[in-house]
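Written below as structure tokens is the structure these notes are about.
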Amino acid sequence: MTRFANPFNGAFVQRNLSGHKLLGLAAAGLLYLICLSGTATVFYLDLQRWENPQAPEMPQATAQAVAAAVADARTAWKAGDTLDVAIPTPENPRLVVGVGETHRAYDAQGRYAGPADHRLGEALGELHYYLHLPATVGLVLVGLGGVLLLGLILGGILAHPRLFKDAFLWRWRGGSRLARTDLHNRIGVWAAPFHLVIAFTGAAIGLIEVLLLVMALGFHHGDAVKAAAPLFGPAPVSVRQGVMTSDAIVKALHAVVAAYPGAEPDYLAFNNPGTARESLTVYADLPSRLTYGETFEFDGKGVLAATHHITDGPLGRQIYASLYKLHFGSFGGVWVRWAYVLLGLGLCLICTTGMDIWFLKAAQRGQPRPRLHRLWMGFVWGAPVALALASAACLAGLAFRPVFWSLLPVLALGALAAGPPRMISRLGRGALGLALIGLVATHVAVFAGAAFSAAAWAPNLAFGVLGTMLCLSLLRGHGDAAGQRP
Amino acid sequence: VAGLQAASSLVLAAGLGGVYLCWRRRAVPMHAALLLGAWGLVALGLAGWSATMSADTGLARGMVLAMLLGLCAVAAHSLGLAPRKRAGRQSASKPSAVAAPAGNRLSGLVRCIASLTVAPALGLALAVAWRAHGAGGQADRIMTALAIAVVVQAVALVIVLASTRPLRTMLFMAAMTAAVLPLVLDVRP
């Protein structure tokens, strides 16, 4: 009988481990920042509500109220501005009209209720999407981060021959290296489906632009809209019918509900707003489906011109439209979003423990890299501290980007002078705890009573409790079983 | 729906509990069958979740629950919440005696070039070739091409970084890309 060689022999495993290490060392910083910002943006809509706690909230708005809000927002519209509407949903119970770079909140009757700009939410989102780089470059870079993460997951699994034998083993009292290796492997194995989904969907969302560009050049004489049409559906209507009236908007919203019973219109985008060729694209969520919803094109008179058939069209279109909810965890209410936060933090932990293992192994081989280790620890703790402080600055009216990108290198480099990694870890915990408490204090100082409104009390409580716990953790003794944990 | 979701969650938890018990006691009779049964319960729980709403959303929610339960089991076992009749396995993982692939500046450079250029080029070439000549409608072909671009790049990265002869691997990948190029250039609108 023929006997096949065990593919998971020592040399094979060691080669994959070596590749895993190389890739991890090259990409750890980038992936950590992407994962951390991604975790922070899971509650993207809640953050937008939190930074505008005074805006009115309502479970739903009538089509007439939406039309009234649009009519009012047109008074603030200038030539060249975009015009879009977020309609109240259970996740985001607000009626907000975007006019160019500004956002305006409305009450349930469509009356103007004040500005609703969400600079913080946008800055966090753009950090995750683009790393604050120019849009296409940043999106492709983050997409390549997804490819690297996918490579790390595949390489990690191949380098892990005891995948099932050690399935539940975490020797957290077994010394620094063993504890970190077990933690790295256990989170890596049990959360592997999440990691694979996040990596694949992130890479796909980031790289679709590159692929469509290549396909446009190759198949459609450079016409990117034509190349994208099979995946995204038809282009908006462009017929000279004048600016849409309120009646036309109401008619369009009623037509959506009639066409797809159970569909919940949640977003309107006006195409060529304010011009004679104005038309309307309506996005409607179908809560039971994983796709981001169905999309409808209306002409200037509010007559349905086309449906994108995202939920009942070709399988490829349905799969692509499902990538977004899967990536951002917006398919199962609050508990799934909390699960995504925990699993996202687990992914950050995998990045940090992976590097820790490498530093500890190097030290045990007699080749310690203390300065690099301190720099890494400074980066790991500096990133969330910079996020919290930049968020507080943003609430106080400063710009998020310069504060964040100034603080991050300062904190990372500052760690070089802060002593051994263990001390940096303690300082980092303390700094993050104080930064979170400072964030809550800033929110209360800026918004006063509104800081305890329905939209704000839960995030403030969560940030306050987490900050206090981090500070209290410093009161614990320095020692641990191994006595050498950084 | 809520009842079925609760029942599916219980079945899922029971299945993972079974996997955990099988992991703790490998010496019991019919171990393999018990383990298979436990994973079967996990699959049944996921199927139950899928049945409570559209299959895609239900499966996704069930998977999230399964991952959280698995991590809870790891924490419970390791932090001493599980019965300590047997203190858990001792891992047999030891430092491997096999040396890592020898690396020098040249092989590092080759790996770097292969990772940054050849792997993405191969992924993109195969993706565009599939878009041009693959089966299915246009949307299906684009989505499959996207999946090919991502997965091929990732797999190529793993292969080239784990290779003991990165130059040979890189040349092989470059040759594959070149072999696909005629398909890419012979496009159909």
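Keep in mind the model is a prediction, meaning the values are calculated, not measured. Note on naming: letters A, B, ... go to the chains in the order of the sequence lines (proteins, then strands), and numbering restarts at 1 for each one.
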Closest approach of [X] and [Y], non-hydrogen atoms and distance?
X	Y	answer
B/A162	A/N16	CB-OD1, 3.8 Å
B/L161	B/S115	CD2-OG, 3.8 Å
B/A139	A/P230	CB-O, 3.2 Å
B/V118	B/T177	O-OG1, 4.4 Å
B/A127	B/I148	N-CG2, 3.9 Å
B/A66	B/L16	O-CD1, 3.6 Å

Derivation of the side-chain contact (heavy atoms from CB on, under 4.5 Å) call for A/D166 and A/N185: CA-CA 9 Å; A/D166 288 346; A/N185 292 343; over 6 Å; no
Region of [X] that comes under 4.5 Å of a non-hydrogen atom in chain B:
X	result
A/L183	neither
A/A227	backbone
A/I153	neither
A/L343	side chain

What part of [X] is in contact with chain A, defined as an atom under 4.5 angstrom from a non-hydrogen atom: side chain, backbone, both or neither?
X	result
B/A156	neither
B/A145	both
B/V160	neither
B/L65	both

Hey, would you say the A/Y340 and A/F328 ring centroids sit under 6.0 Å apart? no
Centre-to-centre under 6.0 Å for B/H77 and B/Y20, is that the case here? yes
Residues forming a salt bridge (charged side-chain N to carboxylate O under 4.0 Å, His left out) with B/R61, sequence neighbours excluded: none
So does A/R177 pair up with A/D182, basic N to acidic O under 4.0 Å? no
Taking every non-hydrogen pair under 4.5 Å, which of [options] racks up the most with chain B?
options	answer
A/L17, A/V147, A/L150	A/V147
A/M215, A/H20, A/H221	A/M215
A/R317, A/R186, A/R289	A/R289

Would you say OH of A/Y324 has more than 12 non-hydrogen atoms from neighbouring residues, nucleotides or ligands within 6.0 angstrom? yes
Please determine, among [options], the option with the most heavy-atom pairs under 4.5 Å with chain A.
options	value
B/L157, B/L146, B/I159, B/V158	B/L146
B/V151, B/V150, B/L69, B/L68	B/V150
B/A55, B/A60, B/G137	B/A60

Distance alone, cut at 3.5 Å: any donor-acceptor contact between the side chains of A/Q318 and A/T291? no
How about residues 330-339 of chain A versus chain B: which residues have heavy atoms under 4.5 Å apart? A/F331, A/G332, A/W335, A/V336, A/A339
